[in-house]
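To start, the structure under review is shown below, and the notes come after it.
By convention in this document, chain letters (A, B, ...) are assigned in the order of the sequence lines, proteins followed by strands, and residues within each chain are numbered from 1.
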Amino acid sequence: MSADNSSKPVLETRNLSVRYGKVEALRGTSISLRAGEIVTVIGPNGAGKSSLLNAIMGALPSEGQAQGEVLYQGQDVSHHAIELRLGKGLALVPEKRELFTTMTVEDNLVLGAYRRRKAGWSYRDGLEGIYAVFPRLKERRHQLAGTMSGGERQMVAIGRALMSDPKVLMLDEPSLGLAPRVMAEVFQVISHLRDTGVATLLIEQNSRAALKVSDYGYVLEVGDVTLEGKASELAQNPRVIEAYLGAKH
Amino acid sequence: MKMSTKKLQWLMFGWFFLFPFLPVPGYWITIGNYIGLYSIVALGLVLLTGIGGLTSFGQAAFVGLGAYTTAYLSTALGWSPWVGLGAGLLVSGLAAALIGSVTVRLSGHFLPLATIAWGLSLYYLFGTIEFLGKYDGLSGIPALSLFGIDLSSPRVMYGVIWFCLGGCLMLVLNLLNSRPGRAIRALAKGKTMPEAMGIHTAQYKILIFVLAALMASLSGWLYAHLQRSVSATPFGLHMGIEYLFMAVVGGVGHVWGAILGAVVMTGLKSQLQDWLPLLLGSNGNFEIVVFGVMIVLLLLWSRDGLWPWVAGVWAKFHPPEPEVVAPAIAPEGYSDLPRRTRPQAGALILEVNEARKQFGGLVAVKDMAFEIRAGEVVGLIGPNGAGKSTMFNLVTGVLPATSGEIRFCGERIDQLDSRHIVRMGIGRSFQHVHLIPHLSVLENVAMGAHLRGRSSPLAAALRLDRHEEARLLFLAAEQIRRVGLEEHMHTPAGSLALGQQRILEIARALCTDPTLLLLDEPAAGLRLKEKEALADLIRQLKGEGMSVLLVEHDMDFVMGLTDRLVVMEFGSKIAEGLPAEIQNNEAVLAAYLGGVE
Amino acid sequence: MDFGIFAVLAQDGVTNGAVYALLAMALVLVFSVTRIIFLPQGEFIGFGALTVAALQSSQFPKLIWLLIGIGVLTFLVELGSALRQRRYKPLPRRLLMWSVIENLIYPQFIWLLAHSLDWQGMPMAVQILFTLAITVPLGIMIYRVAFQPMAEASVLVLLIVSVGVHFAMLGMGLFIFGPEGSTTHAFTEWSTALGEMPVSGQSVVVMAVAGSLIGLLYLFFDRTLYGKALRATAVNRKGAQLVGIGTSQAGRMAFGLAAGLGTLAGTLIAPLNTVGYDTGFVVALKGFVAAIVGGLASYPLAAAGALLVGLLESYSSYWASAYKEVIVFTLIIPVLAWRSLTSGHGDEE
C-alpha cells in the first residue's frame, strides 16, 4: 500500500440503494472509509444496515437488487461477483456467522483462504497468523465449528475472513448474543486490526461500545444516513443518545 | 395484478363445447377428447401443486387406478360402467388418503420424489398382476350408455368428457372461492401462518391430495370407456411427468392454465409425432426432447406459465373487476357469529411461569416469568438475540416449552400447538409478513376468519355455504375498516407498502376474535409515518379493551405506547416495570448500550 | 431355501447394492451442493455403458456428437451472458477464450481422438477413461446450460427443470443410440468358490471398484481443498460464497463428479446386463431410494440404504420375481413414513 492511500478512501459507496421486490431497504446511501480506519454504522432494526454490507460485498440474497456505485480503491466493483471482490480485498463477517458447522475449525479457516493462491504463500503461514490473534482457536483447531461457544464461533468467523487477507473487513453485529467479557475481547481484536492497516466497517446495535473503538460513525434510519460524524462526537450527540439510549443521559 | 378474465374463460370453454358440432374431421375430435381427459388431471394438479404447493409426478397412476378398476369390473364381472366409476373413485380416493397421510407431511422435495416412486410402483403393479392382463392389459370394455342411450361415438364421448371437465372446473372454482378454499391457498405459504389461523394444514393437504386423485380417477374412467381397452403404458411415470408439464406450461397457479396447458401440450405432441420421425428419419417418441427443452426454457423465462400472459393481454381490453366482494351491509345472521366473552379489565389473562426453552445445549429462554392483565399493552423488549422471538414462539405455540408453565385465562398452553392456541383467543402477527401476495386484502384478512365458520369443502364446492361466506367476508371487511385499510380492500396484498402489510396482518389476527394480540416486531423496517399509524392503531385497540403483547427491539417505539415493559437479555428477564422506570434502569441501559466499560 | 442360494442372492444383492451406493453418493453430492435432484443421472449410466460398448465393437461413439452440440450451445450461452454484462464492464476476454477451448475445441479434439485411434484393441480401463472424457464434460455443460441460469430457484422448480433435462436427454439418447441395448465385455472370466458359495470375478471387480471409488471420494472430501469446498457449500451456501467458493463453480464440480460416477456405474453393470438408452433411469431411481434413506444428506446412511435396496431386490427376485420392482419402489413409503415421524415439524419454505 502506498502512503497516499491514507488520504483517499479505500472503500466508498455512492448513492447505494437496495430493494427487495417492492420493499426498499436502502435509499441512496453514501459512506466512505480510509485504510486503517474503523467506521461504525448504527441504527434501529430494519434500517438497512445488513443490506448495506451485503450490497458492498455483492452478497445480497437473490431477490435483492442493488443500485449505485461501490468504489474500492477508486474502482467501481458494483458488478463484480463476490469472488472478485474478495480477491481485491473485501471480506464480510455476516450477522449469522455462516460457519461450516460440521467441519473442523482449521478447515473453516483454510477455506477462508480459498481464493488466496499466491506463489510463496502457504495457508500454514495464514493459520499461524490467525492463531496468534486467537490462541484459543489453536487449542480447538480439530474441534467441529458447530460445537464451539458463541464467542469462539465469532472468532472463527473473523479468523476465516482474515484468512483472505482483506484490506477492508466488514463486521455485521459482531457482539450479537455474546457475553460482555467475550464482547470486550472481540472489540479488542477489532482495534488491534487497525494497527495492521486493515480498515473495518462495523455494524453494531451496541452503539456505545462500537463508537468507543471507532474513528467515525454513521446513523442509518430507514434506509437513509441521517447523521454522521466523528465517533467521539456522535457518542455525545443528544439525538443519538435519545434514540439509542432511550433517555437523556 | 389480479385479472378477472371471466369472459375470456367462458369464451374459451364455450368454444370447446361448440367444437364437435362443427364439421371438423374425426381426428380433431379425438384430439379434443384427449385435451379434455388431460385437462381434468391437470386441473387436479393445479389444485394440488400450484395452489396447495404439493408437487406430484404420480397422477398418471391414479388415472390408471380409475381406468383399471372400471375395466376389470365391467369385463371380468360384467358390472355396469357406472358402478365402475364409483368403485374407481373409491379405490383412488382410499389409495390417495393412505399414501397422502404418509407423504404429505414431508417437507418440500421428498413428496415429489415419493410420487415418482409410488407412481412407478403402481405402474409395475398394473403390468404384473395376472387378473389385470399383465402388460397386455384388458380389452373389450363396454361403451358408456345412459338410460339406454348409447354414448360410444367419439363425438358423443366428447360431450361427456367436456361435461365432466366443466363440472370439475365449477366445483374447483367454487371451492377455491370459500373458507376451505382460502385455507388451501394458505398452504403454499408453509405451515406457520395457516396453523396460526387455526387451519389444520395436514388435513387440508390430504384433502387436496385426495381431490386431485379423484379427478385423475375420473379421467381414467372416461379414458377406459372411450378407448375400450387399457394397458399399463399410458399410466407410467412419463405420462405423470407430462401431466405436470401441462400444468406448468399452462400456469400451475391458475385453474384455467390447466386447460391451456393441456391444449398446448396435446396439440404440440400430435404435430411433433407427425413431423419429427420424418425429419429425423427414424421412429420413436422424440417429442420428449422438445417437451424437455420447452420446460427448461419456460421456467427460465416465466415461472408462471402461459395463462398469466394470455390473461394479461386480455386484461388490456377488458379491465378487471374484483372477484371477491364483501356485502355492503351486515348480512343476515352476522350478529349471531359467536364472539368470545371479554375478560374483565384487570383480570389476569396470560401467566408465564419459569418458562424455559432449550435447543440442545443452548438455553434460549431461561426461566422467564411475567404476566399480562386484560386491557394492558405490555412490551417485551431486549437487544437482538436476547430470546424475545423464542419467548414469542412459546406463547404462540410454534415451539413447545422445555419446562415451566404458560397459562392463558387459567389454562395451560405451553404444550399446545398454535392451531389450538388461536382457538383460545390469542391472535398474532409475524415479523416477516406471511401473506398471499396475489390475493386481495379482503381475501387475506378473511383467512383469519377460518375458525369463525364451519362449512365443509363439499358444501363450499356446491355453493351451499353462501350465507356463511357472506358473514365471514363482512366480518373481514369490518376488521379492515377497523384498522383503516378500507381503501385497499381489493388491492392485491403484495402491492401494499410494508407498513400496510403489517396492519393487514393485525386485521387478519382480529378476525380470529382474540382477547390477546401478540405482535412480533411490528415496527421493524417501518418509516416514521408508518410507525405513527401503527402506534395509533394499537392505542385504538387498547381503547376498545384489547390486551396486546408487543415484542420489540426499538425502545423508542414502545416507550409511549405500553403500560408496562419486560426486558430480556440472554434469555432471562433483567427488568420489569413502567416505561419511565425502565428508561433509567442501569441493567437495561447496559444491555442496550453495551456493557464494555 | 438352502444356504447356497441364500449366499448367492446375498452376493448379487451386495454387488448391485455397491452400484446403487455409487449412484446414491453422487445424488447426495449434487443435492447437497446445488439443491438439484439429479434425475438425468440415469442417462449417464446408459450413455456411458453404450459408449464403452461402441468402442469395444469398433463403432464410432456417437455420444461425441451430443458433446459437440451441447458444447456449441454452452458457448453460445456463455457468450450471451458476457454480452449482456457488457453494459457494466468490458467483455471478459480470457473467460471467453477458455469457453472456446472447453466447449468448442475440446469436443473436436475428442472427435479426432475417437477417429484416429483403434479403440477396440485398447484395454477396457482405457476405453472407460475415454468414455469419462466424454461424459464428464457433458455433465458440466448441462449444468451450465440448464441449471446455472436459475441456480437460485426453489428446489421444486429445479426438480421440474431436472425432469425436463431428463426428458430431453432421454429423447436424444434414443436418437443417438437407437432402441437396441448392448452389453460390454466381461471384466474377467475368473471365478472361485468360498466354501459352498461360488464367487464370480465380476462381482469381486464390481465391489472392489465401487468400494475403492467410495474410498477415493472420502479422501477427496476429507483431504483436498476442492473436496472441502464442496462440503462447505453443502453445509452453508452463504458461508461458501463469502469465502469465494462460487455457487456455479461448486455446481460444475458436483455435476462433473456425478456424471463420472454415473458413467462408472453404467460400465460396472454393462457386462452382466443389456443396457439400453433408457435402462439407466430405473437404476438411478433405485439409487434415489437409497439416497432418500439417507435423507439426501448423509453419505453413510445412503450407502446403507443402497445395500438394503440391493439385497431387497435380489431376495424379492427369488421369491416374487415379477414384483421385484414393485417391492423396491414401495420400500420408499415406509422409509418416508419413518423419516416424517423422526424429523418432527419443519416449515418448508
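From L244(B), atom CG reaches atom CG of L159(C) across 8.5 Å, with rounding to the nearest 0.5 Å. Annotation: the span from I333(C) atom CD1 to S121(B) atom OG amounts to 6.5 Å, rounded to 0.5 Å.
Taking both residues in full, the closest heavy atoms of A322(C) and T128(B) are given as O-CG2, 3.0 Å, listed atom of the first, atom of the second, then distance. Listed here is the closest heavy atom pair of P149(C) and L300(B): CB-CD2, 3.5 Å. What you find for V157(C) and L299(B) is that their closest heavy atoms are O-CD1, 4.0 Å. Closest heavy-atom contact between P112(B) and L156(C): CG-CD2, 3.7 Å. When all heavy atoms of F291(B) and F167(C) are compared, the pair lying nearest together is CB-CD2, 4.3 Å.
Among L120(B), N285(B), V293(B), the residue making the largest number of heavy-atom pairs under 4.5 Å with chain C is L120(B). Taking V289(C), I292(C), L39(C) one by one and counting their heavy-atom pairs under 4.5 Å with chain B, the maximum is reached by I292(C). Considering only heavy-atom pairs separated by less than 4.5 Å from chain B, the leading option among R35(C), K324(C), M150(C) is M150(C). Between chain B and the residues S154(C), G171(C), A146(C), the most heavy-atom pairs under 4.5 angstrom are made by G171(C). Annotation: maximal heavy-atom pairing with chain C below 4.5 Å, among V290(B), L298(B), V248(B), I288(B), occurs at I288(B).
With a threshold of 4.5 angstrom between heavy atoms, I160(C) approaches chain B through its backbone and through its side chain. Heavy atoms closer than 4.5 Å to chain B are found nowhere in L158(C), neither backbone nor side chain. When heavy atoms are compared at a cutoff of 4.5 Å, I37(C) approaches chain B solely by way of its side chain, counted from C-beta outward. Contact of V335(C) with chain B is not made at all, since no heavy-atom distance falls under 4.5 Å. Interface remark: L285(C) contributes side-chain atoms only to the contact with chain B (heavy atom separation under 4.5 Å). Proximity to chain B is limited to the side chain of F288(C), based on heavy atoms less than 4.5 angstrom apart. Neither the backbone nor the side chain of Y123(B) has a heavy atom closer than 4.5 Å to any heavy atom of chain C.
With contacts defined as side-chain heavy-atom distances shorter than 4.5 Å, the pair F281(C)/L237(B) qualifies. In this structure, L174(C) and V289(B) have side chains that are not in contact, with every pair of non-hydrogen atoms separated by 4.5 Å or more. No side-chain heavy atom of W118(B) sits under 4.5 Å from any side-chain heavy atom of I332(C). Looking at heavy atoms from C-beta onward, L296(C) lies in side-chain contact with L113(B) at the 4.5 angstrom threshold. Side-chain contact between F329(C) and I116(B) is absent, with no heavy-atom pair separated by less than 4.5 Å. Inter-residue side-chain proximity for I295(B) and V163(C) is flagged as unmet; no heavy-atom pair is nearer than 4.5 Å.
Checked against Y124(B) for a side chain to side chain contact (heavy atoms under 4.5 Å, CB included), the options V328(C), T330(C), V326(C) give a single hit: V326(C).
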